[in-house]
Amino acid sequence: QLYRDARECLTLLSQRLGSQKFFFGDSPASLDALVFSRLAPLLKAKLPNGKLQQHLKSLQNLCNHCAAILSLYFPWDGGERPPRRRGPGGGSDAEDDPHKRRNQVLSVLAALGAMVLYALLSGIVSVQRGAPAPA
C-alpha cells in the first residue's frame with residue numbers, strides 16, 4: 001500500500017509539473033525546494049529495492065526538475081563536493097592560514113564574551129550579592 005501511495009504521489013507531482021521547468025513558472029519556489037529535497041535522494045541513492053526509483057526515472061519531467069535545480073544551485077554537478085578554493089600560492093586553505101582553528105576558537109570566545117557583557121549591561125541578567133551570613 002505504501003509503495004502504491006508513493007507511486008501515485010510521484011505521478012500526481014509529474015502531472016502537476018507538466019512541461020514547466022518549475023512548479024510555479026520560470027523560477028523555483030519553496031514547493032520546488034521541498035519536492036527536490038524528497039526526489040533527489042530517491043533519484044540518486046542506491047536502494048535495495050529500486051521499484052520506486054525506476055518509476056521516478058520514468059517520469060522525465062521530474063528528473064528534469066531535479067536536474068534544473070542541481071544545475072542552478074549546485075553547478076559543480078551536484079554529485080560531488082564543490083571544487084576547493086586555492087590561495088594565491090596554489091595551496092589549500094589550511095596551508096594558507098596555519099592558525100585557522102585558533103582564530104575560530106578565539107572568534108567564538110569573543111562573541112560569547114560580548115553576549116555575556118551585553119546581557120549584564122542591558123539588565124537582562126543581573127548579579128546580586130547576598131548578605132554575609134551571621135557569625
Side-chain angles (χ1 to χ4, degrees):
Q1 178 63 36
L2 185 62
Y3 170 73
R4 279 184 273 143
D5 289 347
R7 186 179 166 98
E8 181 182 355
C9 181
L10 290 175
T11 303
L12 291 172
L13 281 171
S14 176
Q15 290 171 358
R16 170 61 181 92
L17 182 61
S19 61
Q20 301 180 106
K21 189 173 182 179
F22 300 108
F23 282 97
F24 296 111
D26 293 333
S27 60
S30 57
L31 178 61
D32 295 288
L34 178 69
V35 169
F36 174 79
S37 72
R38 300 302 194 268
L39 296 186
L42 179 60
L43 193 58
K44 299 285 185 178
K46 293 182 181 178
L47 303 172
N49 183 344
K51 284 183 178 181
L52 196 57
Q53 189 175 54
Q54 286 306 110
H55 181 65
L56 175 58
K57 287 181 179 180
S58 73
L59 302 170
Q60 195 58 47
N61 62 343
L62 289 180
C63 294
N64 293 342
H65 177 265
C66 287
I69 291 179
L70 280 172
S71 67
L72 184 62
Y73 292 104
F74 306 98
W76 58 85
D77 195 21
E80 301 173 11
R81 297 180 70 191
R84 292 203 46 145
R85 288 186 9 224
R86 299 287 182 183
S92 69
D93 291 341
E95 292 170 354
D96 291 342
D97 189 3
H99 305 293
K100 184 176 181 178
R101 175 58 94 193
R102 181 199 64 184
N103 292 341
Q104 288 173 334
V105 170
L106 288 176
S107 297
V108 169
L109 291 175
L112 185 60
M115 288 189 290
V116 168
L117 185 61
Y118 174 78
L120 288 171
L121 293 176
S122 67
I124 294 173
V125 174
S126 63
V127 178
Q128 296 177 353
R129 295 183 183 203

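- Taken to the nearest 0.5 Å, the NZ atom of Lys21 stands 11.0 Å off from the CG atom of Asp32.
- Residues Leu56 and Leu17 share a single hydrophobic cluster, defined by chaining ILVMFWY side chains whose heavy atoms lie under 4.5 Å apart.
- Phe36 meets the ring pair (Phe, Tyr, Trp, His ring centres under 6.0 Å) test with no other residue; sequence neighbours excluded.
- Every residue two or more places apart in sequence or in another chain was checked for a side chain to side chain donor-acceptor pair (under 3.5 Å) with Arg102, and none qualifies.
- Rounded to the nearest 0.5 Å, atoms CG (Asp26) and CD (Gln20) are 8.5 Å apart.
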Could you go through residues 104-114 and list every donor-acceptor pair under 3.5 Å that involves a side-chain atom there, pairing it with any protein atom two or more places apart or in another chain?
{"residue": "Gln104", "atom": "OE1", "partner": "Arg101", "partner atom": "NH1", "Å": "3.3"}
{"residue": "Ser107", "atom": "OG", "partner": "Asn103", "partner atom": "O", "Å": "2.8"}

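- Thr11 is linked by a side chain to side chain donor-acceptor pair (under 3.5 Å) to His55, counting only residues two or more places apart in sequence or in another chain.
- With sequence neighbours left out, the side chain to side chain donor-acceptor pair (under 3.5 Å) criterion links Tyr73 to no other residue.
- Linking ILVMFWY residues whenever their side-chain heavy atoms come closer than 4.5 Å, directly or via other members, leaves Leu70 and Leu39 in distinct clusters.
- For the pair Glu8 (side chain) and Tyr3 (backbone), a donor-acceptor distance under 3.5 Å is absent.
- Between atom CG of residue Asn49 and atom CD of residue Gln54 there is a gap of 10.0 Å, rounded to the nearest 0.5 Å.
- Here the CG atom belonging to Asn64 is positioned 11.5 Å from the CD1 atom belonging to Ile69, to the nearest 0.5 angstrom.
- Residues Ala119 and Ser122 share a closest heavy-atom pair of O-OG, 3.5 Å.
- A continuous path of ILVMFWY side-chain contacts below 4.5 Å connects Leu120 to Ile124, so both sit in one hydrophobic cluster.
- Of all heavy-atom pairs between Cys66 and Ala40, the closest is SG-N, 4.1 Å.
- The backbone N or O of Ser14 sits less than 3.5 Å from a side-chain atom of Asn61, completing a donor-acceptor pair.
- With sequence neighbours excluded, the residues satisfying side chain to side chain donor-acceptor pair (under 3.5 Å) with Asp5 are Gln1.
- Arg7 and Leu52 get closest at one heavy-atom pair: N-CD1, 3.8 Å.
- A heavy-atom distance below 4.5 Å is found between the side chains of Leu47 and Leu42.
- Taken together through direct or relayed side-chain contacts under 4.5 Å among Ile, Leu, Val, Met, Phe, Trp and Tyr, Phe23 and Leu10 form part of one hydrophobic cluster.
- Note: the hydrophobic cluster containing Leu43 does not contain Phe74 (ILVMFWY, side chain heavy atoms under 4.5 Å, direct or indirect links).
- Because its NZ or CZ atom is not both nearer than 6.0 Å to the ring centre of Phe22 and within 45° of the ring axis, Arg16 does not count as a cation-pi partner of that residue.
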